[in-house]
Amino acid sequence: MTDFLKPSDQQAIFGQFPRELPILPLRNTVAFPFSILPLVIGLPRSIRLIEETVAGDRLVGLVASKDGSIEDPRPGQIHEIGTLARISRMTQGSEQGYNIVVQGLERFRVTHFTTQEPYLRAWCELAPDALEPGVEVDALTIGLRELAKEVVSLSPQLPDEVTGFLEQVKEPRYLTYLVAANAGLSTEEGQEILAADGLRGKLRMLIAFLARQKEILKLGQKIKSEAKEEMDKAQREYFLRQQLKA
């Protein structure tokens, strides 16, 4: 399960937020605010970006590529909405690359690119979600939490401790990104949730996705149970035939 940075740990960073950011395109991955994400850096231009960023303020813009098959995407090939992140750890990887850990801080929007060499840099602005407080958001938050707990209970690969952790998360936005980062979303689904400006819309999209996941898991369990019953029946019949032969 993805670790998370507490929202209260971010506040000091925003006063120092640079309008121009180094942009690190992500292939087949979406970074969310609050999440802690490991990344492998191997491209020469990305390696230089990381080295220079770590030597500076450690802030980087993480933006998903529109086409994960493109190794080195350029402007127009990456999304405009991404996540401002801080590089918290960097270690030497295989050959000349690095393994890094980044902490998602806040949504941002690329307004325009300022340079492509030696790596992408862009003029950016923070784009916090519209929180839309009210009874509907409260109800959607409760619904998302309960549905997430049901999916966890149906997923044998997830530890039971996850349910307790979900119970502790009360802040709607934090819960939304916690679930989004761990729900197994496709890149397109994750980007759609990140790009939605209102919290209400994000909650509705996640609830729809988890409701489908719940039905798939329940159907999978039913198929597995029926298959086991058929195998048990066939085994019993085999032993009975062997006894009759004897």
Side-chain angles (χ1 to χ4, degrees), residues 2 4-5 9-93 95-129 177 180-181 185-197 202:
T2 301
F4 264 64
L5 179 72
D9 295 338
Q10 310 174 75
Q11 304 306 319
I13 296 169
F14 295 155
Q16 305 168 5
F17 175 66
R19 298 301 297 272
E20 188 183 34
L21 281 174
I23 301 297
L24 180 65
L26 302 179
R27 297 173 63 190
N28 305 313
T29 302
V30 176
F32 294 104
F34 315 139
S35 63
I36 298 178
L37 182 68
L39 296 172
V40 177
I41 306 299
L43 288 178
R45 60 195 279 113
S46 299
I47 290 171
R48 180 166 178 180
L49 182 157
I50 294 302
E51 289 175 342
E52 294 185 2
T53 301
V54 168
D57 59 16
R58 292 179 170 260
L59 296 181
V60 61
L62 304 177
V63 184
S65 298
K66 294 178 180 178
D67 184 349
S69 66
I70 300 176
E71 187 176 63
D72 189 13
R74 300 291 170 150
Q77 297 175 322
I78 60 177
H79 292 281
E80 295 179 353
I81 301 293
T83 296
L84 170 67
R86 165 174 280 175
I87 301 171
S88 62
R89 186 161 63 246
M90 179 179 76
T91 57
Q92 189 70 48
E95 300 179 0
Q96 301 300 314
Y98 294 106
N99 296 321
I100 67 171
V101 176
V102 294
Q103 297 178 333
L105 302 174
E106 184 56 274
R107 282 199 336 154
F108 75 88
R109 178 179 287 104
V110 172
T111 58
H112 66 274
F113 286 90
T114 56
T115 183
Q116 296 188 46
E117 300 299 337
Y119 47 79
L120 297 177
R121 294 186 67 87
W123 197 253
C124 305
E125 59 185 14
L126 291 180
D129 299 296
Y177 285 127
L185 302 170
S186 68
T187 304
E188 292 74 19
E189 291 166 334
Q191 184 62 38
E192 185 179 4
I193 287 173
L194 180 67
D197 290 325
K202 293 179 193 289

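Contact annotation: the side chain of I23 approaches that of F108 to within less than 4.5 Å [non-hydrogen atoms, C-beta and beyond]. Put simply, the side chain of D67 does not reach to within 4.5 Å of the side chain of P73, judged on heavy atoms. Contact of the V60 side chain with the R58 side chain is not registered, since no non-hydrogen atoms from C-beta on lie closer than 4.5 Å. Within the 4.5 Å cutoff, side-chain heavy atoms of P128 are placed close to those of E106. Residues P22 and Y119 meet the side-chain proximity criterion, which asks for heavy atoms closer than 4.5 Å.
Using modelled atom types, no side-chain atom of K66 and backbone atom of H79 make a donor-acceptor pair closer than 3.5 Å. Judged purely by atom type and a 3.5 angstrom limit, R121 has no side-chain atom pairing as donor or acceptor with the backbone of L21. Remark: the backbone N or O of W123 is paired with a side-chain donor or acceptor of T111 at under 3.5 angstrom. Side-chain atoms of R107 do not come within 3.5 Å of backbone N or O of I81 as any donor-acceptor pair. Under a 3.5 Å cut-off, the side chain of Q103 and the backbone N or O of I87 do not form any donor-acceptor pair.
Distance check, rounded to the nearest 0.5 Å: CD1 of I47 to CD of Q96 gives 7.0 Å. With rounding to the nearest 0.5 Å, the separation of OH in Y98 from CG in L39 is 15.0 Å. Distance check, rounded to the nearest 0.5 Å: CG of L49 to CG of L24 gives 6.0 Å. A distance of 10.0 Å separates CZ in R89 from CG in N99, rounded to the nearest 0.5 Å. Atom CG of residue L126 and atom CZ of residue R19 lie 8.0 Å apart, to the nearest 0.5 angstrom.
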Side-chain donor-acceptor contacts of residues 25-32 below 3.5 Å, not counting sequence neighbours, with atom names and distances?
from, atom 1, to, atom 2, distance (Å)
R27, NE, G68, O, 2.9
R27, NH2, G68, O, 3.2
T29, OG1, R27, O, 3.3

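Applying the side chain to side chain donor-acceptor pair (under 3.5 Å) test to S88 and every residue at least two apart in sequence or in another chain returns nothing. Scored by the salt bridge (Lys or Arg N to Asp or Glu O under 4.0 Å) test, E52 finds R48 as partners (sequence neighbours excluded). Every residue two or more places apart in sequence or in another chain that forms a salt bridge (Lys or Arg N to Asp or Glu O under 4.0 Å) with R109 is listed here: E125, D197. A search for salt bridge (Lys or Arg N to Asp or Glu O under 4.0 Å) contacts involving R74 returns D72, E117, not counting sequence neighbours. Every residue was checked against the side chain to side chain donor-acceptor pair (under 3.5 Å) condition with T91, not counting sequence neighbours, and none meets it.
The environment of CD in E80 is sparse: at most 12 heavy-atom neighbours from other residues, nucleotides or ligands sit within 6.0 Å. The environment of CD in E71 is sparse: at most 12 heavy-atom neighbours from other residues, nucleotides or ligands sit within 6.0 Å.
Residues D129 and A196 approach most closely at OD1-O, 3.7 Å, considering heavy atoms. For the pair P75 and L120, the tightest heavy-atom approach, listed with the atom from each and the gap, is CD-CD2, 3.6 Å. Considering every non-hydrogen atom in both T187 and A64, the closest pair reads CG2-CB, 4.4 Å.
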_Could you walk me through whether Y177 and T83 satisfy the side-chain contact (heavy atoms from CB on, under 4.5 Å) test, starting with their C-alpha distance in whole Å, then the side-chain angles of each, then the deciding distance to 0.1 Å, before giving a yes or no?_
CA-CA 12 Å; Y177 285 127; T83 296; over 6 Å; no

